[in-house]
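This report refers to the structure that appears directly beneath it.
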Amino acid sequence: MGEQGPEGSKKSRKKAEVTKKSASAKKTGTARKASPAGKTASVRKVTPVKKAVATGASVAVEKAAPAKKVAVEAPAGESRTALVRRARRINRELAEVYPYAHPELDFENPFQLLVATVLSAQTTDLRVNQTTPGLFARYPAPEDLAAADPEQVEEILRPCGFFRAKTRSVIGLSKALVEDFGGEVPGRLEDLVKLPGVGRKTAFVVLGNAFGRPGITVDTHFQRLVRRWKWTAETDPDNIEAAVGALFPKSDWTDLSHHVIWHGRRICHARKPACGACPIAPLCPAYGEGETDPEKAKKLLKYEKGGLPGQRLKPPQAYLDAGGRPAPPLGAA
């Protein structure tokens, strides 16, 4: 036992040293492994974020970005909540000024509205309304217009301008309606925009006024006014649609479009807005860009606000009851 004591003691010390080295090695190994693992964990945390940004880029541009920009682009000192309240108040005020606001294209069915809206590009609704009676008298249905002689259609559409391109569009969309939709105008956005000459603006006019489905019509008047009112600084129609749509309930979109467009045609003109005759002047950040003298501003008013005929040959009764006057037919003195 006495001889084994020292040996046992030496063995114990060696075993302890080995154990200590092993433990140290494990610690070192663990530390070395922990570092890559930490890096890997870090990469794993970052990578999904990068992927999410990449895959969600188009969504952010189309939907989220305009809504965020609205808050940033609000007038100095105006919060997003205040912007929403001001925008909705403007719409309420305009609804009182134009309680009879309606689409200013004459139509009796979805097909007529679709064709008339396509023809209204880069011309007035009045000119379209003076032209379409002759067109629909000769070609009352998609089947008729689809089989029409292009040269004859061009002669009818000549007063609308760009008559060759518009002829191709109305004949092309008529053929598509016959071949793909049984001669009926579809009531879905994704179907309408597939038709020749039909974009989102035209589609929303048809959906909102022929099918009762809410949509925002971003025409030149709408674009001009919402930027003047600082609802958005966007210039792309789709982004304007998204930004303004975020300020209002969906149920308001169609009537909102009518109110804004009517105001743009009658009072808030592109070159000489009649600021002195504007009912929403206290709410407008751009007040003063036009004539502020009330008497001079009244002379700038157009259509029924200036005592002149409107753009429809056959306007709704509510418009006539409010003192509106129908437009003269084509060729009238």
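Source: prediction; values computed, not measured.
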Flag side-chain contact, heavy atom, 4.5 Å: Pro159 against Gln130: no

Hey, is the main chain of Trp229 close enough, under 3.5 Å, to the side chain of Arg86 for a donor-acceptor pair? yes

Is there a side-chain contact between Lys298 and Asp293 in this structure, where contact means two heavy atoms from C-beta onward sitting under 4.5 Å apart? no

Hey, are Lys194 and Glu190 close enough for a salt bridge, meaning a charged N less than 4.0 Å from a carboxylate O? no

Nearest 0.5 Å please: distance from the OG1 atom of Thr232 over to the CG atom of Leu247. 8.5 Å

Kindly indicate whether the side chain of Asp238, heavy atoms from C-beta on, has any atom under 4.5 Å from the side chain of Arg200. yes

Contact between Pro237 and Gln223 at the side-chain level, heavy atoms closer than 4.5 Å - yes or no? yes

Separation between CZ (Phe222) and CZ (Arg227), nearest 0.5 Å, reads 11.0 Å

Under 3.5 Å, is there a donor on one side chain and an acceptor on the other for Tyr98 and His263? yes

For Asp106 and Asn129, the nearest pair of non-hydrogen atoms, with its separation, is N-OD1, 2.8 Å

Is there a side-chain contact (heavy atoms from CB on, under 4.5 Å) between Leu195 and Leu114? Walk through the geometry before answering. CA-CA 10 Å; Leu195 300 173; Leu114 176 60; 3.9 Å; yes

Heavy atoms, side chains only, cut-off 4.5 Å: are His259 and Ile90 in contact? no

Starting from Phe204, can I reach Leu225 by hopping between I/L/V/M/F/W/Y residues whose side chains sit under 4.5 Å apart? no

After noting the C-alpha distance and the side-chain angles of Leu105 and Asn209, does the key distance pass the side-chain contact (heavy atoms from CB on, under 4.5 Å) rule? CA-CA 10 Å; Leu105 290 168; Asn209 300 289; over 6 Å; no

Contact between Leu177 and Pro186 at the side-chain level, heavy atoms closer than 4.5 Å - yes or no? yes

Check the hydrophobic clustering (I, L, V, M, F, W, Y; side-chain heavy atoms under 4.5 Å; chains of links allowed) and say if Val84 and Leu283 are grouped together. yes

For Glu291 and Lys299, run side-chain contact (heavy atoms from CB on, under 4.5 Å): C-alpha distance rounded to whole Å, both residues' side-chain angles, the deciding distance at 0.1 Å, then the answer. CA-CA 10 Å; Glu291 180 58 63; Lys299 296 179 181 180; over 6 Å; no

Tell me if a side-chain donor or acceptor on Thr254 pairs with a main-chain N or O of Gly215 at a distance below 3.5 Å. yes

Please check if the side chain of Asp144 supplies one atom and the backbone of Ala141 the other of a donor-acceptor pair under 3.5 Å. yes

Rounded to the nearest 0.5 Å, what's the gap from CZ on Arg92 to CG on Leu94? Could you check? 11.0 Å

Determine, using the 4.5 Å side-chain heavy-atom cutoff (strictly less than), whether Trp253 and Leu207 are members of one ILVMFWY cluster. no

Quick check: do Val226 and Glu234 have side-chain heavy atoms less than 4.5 Å from each other? no

May I have the step-by-step check of side-chain contact (heavy atoms from CB on, under 4.5 Å) for Val218 and Lys201, ending in yes or no? CA-CA 6 Å; Val218 184; Lys201 184 189 82 170; 5.6 Å; no

Identify the two heavy atoms, one from Glu289 and one from Cys275, that lie closest to each other, and give their separation to 0.1 Å. N-SG, 4.0 Å

Any donor-acceptor N/O pair, Lys166 side chain to Cys160 backbone, under 3.5 Å: yes

Separation between CD (Glu96) and CD1 (Ile280), nearest 0.5 Å, reads 12.0 Å

Checking Asp125, Thr124, Leu126 against Glu104 for side chain to side chain contact (heavy atoms under 4.5 Å, CB included), the one that qualifies is Asp125

Would you say Tyr139 and Val178 are hydrophobically clustered, going by side-chain heavy atoms of ILVMFWY under 4.5 Å? no

Tyr100 and Glu304: side chain donor to acceptor below 3.5 Å: yes

To the closest 0.5 Å, what do you measure between NE2 (His102) and OH (Tyr319)? 6.5 Å

Closest approach of His269 to Leu300 (non-hydrogen atoms, all atoms of both residues): CE1-O, 2.7 Å

Are Leu313 and Trp262 connected, step by step, through hydrophobic side chains (Ile, Leu, Val, Met, Phe, Trp, Tyr) whose heavy atoms are closer than 4.5 Å? no

Least distance between heavy atoms, Val153 atom then Ala148 atom: CG2-CB, 3.6 Å

Validation row: Leu119, Thr131 side chains within 4.5 angstrom (heavy atoms): no

Parallel under 30°, tilted from 30 to 60°, perpendicular over 60°: which one fits the rings of Trp231 and Phe248? tilted

For Cys268 versus Arg224, what's the shortest heavy-atom pair and its separation? O-NH2, 2.9 Å

Can a salt bridge be assigned to the pair Glu78 and Lys230 using a cut-off of 4.0 Å between side-chain N and carboxylate O? no

Closest non-hydrogen atom pair between Leu189 and Ala203, with its separation: CD1-CB, 3.5 Å

Rounded distance [0.5 Å steps], OG1 in Thr132 versus CZ in Phe107: 11.5 Å

Can you establish whether the number of heavy atoms outside Glu184 located under 6.0 Å from its atom CD is more than 12? no

